[in-house]
Asker: 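Once you've had a glance at the structure underneath, I'll fire off some questions.
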Amino acid sequence: MSFLWEDKIRVVEPYTPGEQPQKNNVIKLNTNENPYGPSDEIKKIINNLSADDFRKYPDPTSESLVSELAAFHNVDKSRVFVGVGSDDVLAVSFLTFFNSDKPILFADITYSFYPVWADLFKVPYKVCKLDDDFRIKTEDYLTDNGGVIIANPNAPTGIYFDKSEIIKILEYNKSSIVIIDEAYIDFAEDGSSCIDLIDRYDNLLITRTFSKSRSLAGLRIGYAIGNEALIKYMNDVKYSFNSYTMNYAALTLGSAVIKDNDYFENVISKIKATRERFSQELQDRGFKVLPSSTNFVFACHEKYSAEEIFNAAKKKQIYFRFFKQSRIDNFLRITIGKDEEMDEVIRFLDSYIK
Ligand code: PMP
């Protein structure tokens, strides 16, 4: 220890976000952003933002955005919580709902922020090993616990976990909060979301983001939907921490984006079509590709190491994500970009993999 005060402070092992290279002309497929920008309609609203409105504090209740989201999901406004990206929403939910001596449960391979929040808030946790095909074993979650969090579809695997299995987990865990992180659900099949289960389960919280399917990672908007008692407890924590979380631009654009549904559906279908084509191209070149319900694929090559391909691609200004973590350290996570970007990736692979 180098300072006398270090044993009195909070020392944590932080989450490592994906690299954000600050140069142009890169093919950036490392943080699951949407390659298609927001619609022309939204661009017009961006250009017309009022400078004077930045002078004032924003609405602490985020009424306009909450109302649009409630209408979109056909739920009451009291069932919607908004935050600065789903990272903020998830952090507030960990702080609010995971406060027991019993361990919370999550997968060994999932969003790597979960153990970081658990450590930060001193929440005990137990990791449940995915099976050899990287699938969740339902029975692991049918045990006494302090809460459950499942990313569905999972990241970085991209695999969707069947809703009927989530129902079994919800039925067993009526005295714990079960959070389903649906950051990527818009890229899965229609009807695969668990939002419609919130009427049946008062212990279910769904989190969502504008960063992937809604093309607004830079604006930082996330939200949660759940029983009104859950949302009230989250707001109590939020108002004990930072009241003005959503800035004026986020509130204005977020509300407009929710109404922009045709554009949203169109972008999603383009990304899904590119994902299917690109997955096949990878398989044709000796990659094993996990079945993806997201806007990325998780793939490993039979001969070349992931780290080797990752480094070679980076030299050509192509950015993938690589996790030096046991069980997945031979996999690359590749975001689905535009068709022409994926063609460039294929050309790179063809020059590299002989
Ligand atoms: N959940 C999962 C599973 C994710 O992969 C991400 C993106 N890193 C998030 C939540 C957070 O996304 P955001 O804060 O941009 O909403």
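We count ligands from 1, going down the list as the structure has it; atoms in each ligand are counted the same way. Heavy-atom basis, side chains included; hydrogens, waters and symmetry copies ignored. The residues of the chain are indexed from 1 along the displayed sequence.
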Asker: Answer side chain, backbone, both or neither: which part of Ser86 comes under 4.0 Å from ligand 1, heavy atoms only.
Answerer: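 Both backbone and side chain.
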
Asker: Where does Tyr184 meet ligand 1, judged by heavy-atom distances below 4.0 Å: at the side chain, the backbone, both, or neither?
Answerer: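 Side chain only; the backbone of Tyr184 stays clear of ligand 1.
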
Asker: Between Gln317 and Asn25, is any pair of side-chain heavy atoms under 4.5 Å apart?
Answerer: no

Asker: Considering only protein heavy atoms, which is closest to atom 11 (C) of ligand 1, and at what distance to one decimal place?
Answerer: Asp87 OD1, 3.1 Å

Asker: Looking at Asp339 and Arg277, does any basic side-chain N land under 4.0 Å from a carboxylate oxygen?
Answerer: yes

Asker: Which of these, Glu182, Glu33, Lys212, has its nearest heavy atom closest to atom 7 (C) of ligand 1?
Answerer: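 Nearest heavy atom to atom 7 (C) of ligand 1 lies in Lys212.
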
Asker: Can you list the atoms of ligand 1 that are under 4.0 Å from a heavy atom of Arg220?
Answerer: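 Counting atoms of ligand 1 from 1, those under 4.0 Å from Arg220 are 13 (P), 14 (O), 15 (O).
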
Asker: Using a distance-only test with no angle check, is there a side-chain donor-acceptor pair under 3.5 angstrom linking His73 and Tyr223?
Answerer: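 Yes.
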
Asker: Side chains of Arg214 and Thr209: is there a donor and an acceptor less than 3.5 Å apart?
Answerer: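 Not at all, the side chains of Arg214 and Thr209 share no donor-acceptor pair under 3.5 Å.
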
Asker: Hey, which atoms in ligand 1 end up nearer than 4.0 Å to a heavy atom of Ser211?
Answerer: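 Those qualifying, in numeric order: 13 (P), 15 (O), 16 (O).
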
Asker: Measure from the side-chain N and O atoms of Arg10 to the backbone N and O of Leu120, and report whether any donor-acceptor pair falls under 3.5 Å.
Answerer: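 Side chain of Arg10 to backbone of Leu120, a donor-acceptor pair under 3.5 Å: yes, one is there.
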
Asker: For Ser67 and Glu63, run side chain to side chain donor-acceptor pair (under 3.5 Å): C-alpha distance rounded to whole Å, both residues' side-chain angles, the deciding distance at 0.1 Å, then the answer.
Answerer: CA-CA 6 Å; Ser67 299; Glu63 165 71 25; 3.0 Å; yes

Asker: Please could you name the atoms of ligand 1 that Gly85 approaches to less than 4.0 Å, counting only its heavy atoms?
Answerer: 14 (O), 16 (O)

Asker: Is the backbone of Pro156 close enough, under 3.5 Å, to the side chain of Tyr111 for a donor and an acceptor to pair up by distance?
Answerer: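 Side chain of Tyr111 to backbone of Pro156, a donor-acceptor pair under 3.5 Å: no, none is there.
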
Asker: Specify side chain, backbone, both or neither for Asp181, according to which of its non-hydrogen atoms lie closer than 4.0 Å to ligand 1.
Answerer: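 It is the side chain that gets close, since no backbone atom is under 4.0 Å.
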
Asker: Tell me the protein heavy atom at minimum distance from atom 8 (N) of ligand 1, and give that distance in Å.
Answerer: Tyr111 OH, 3.2 Å

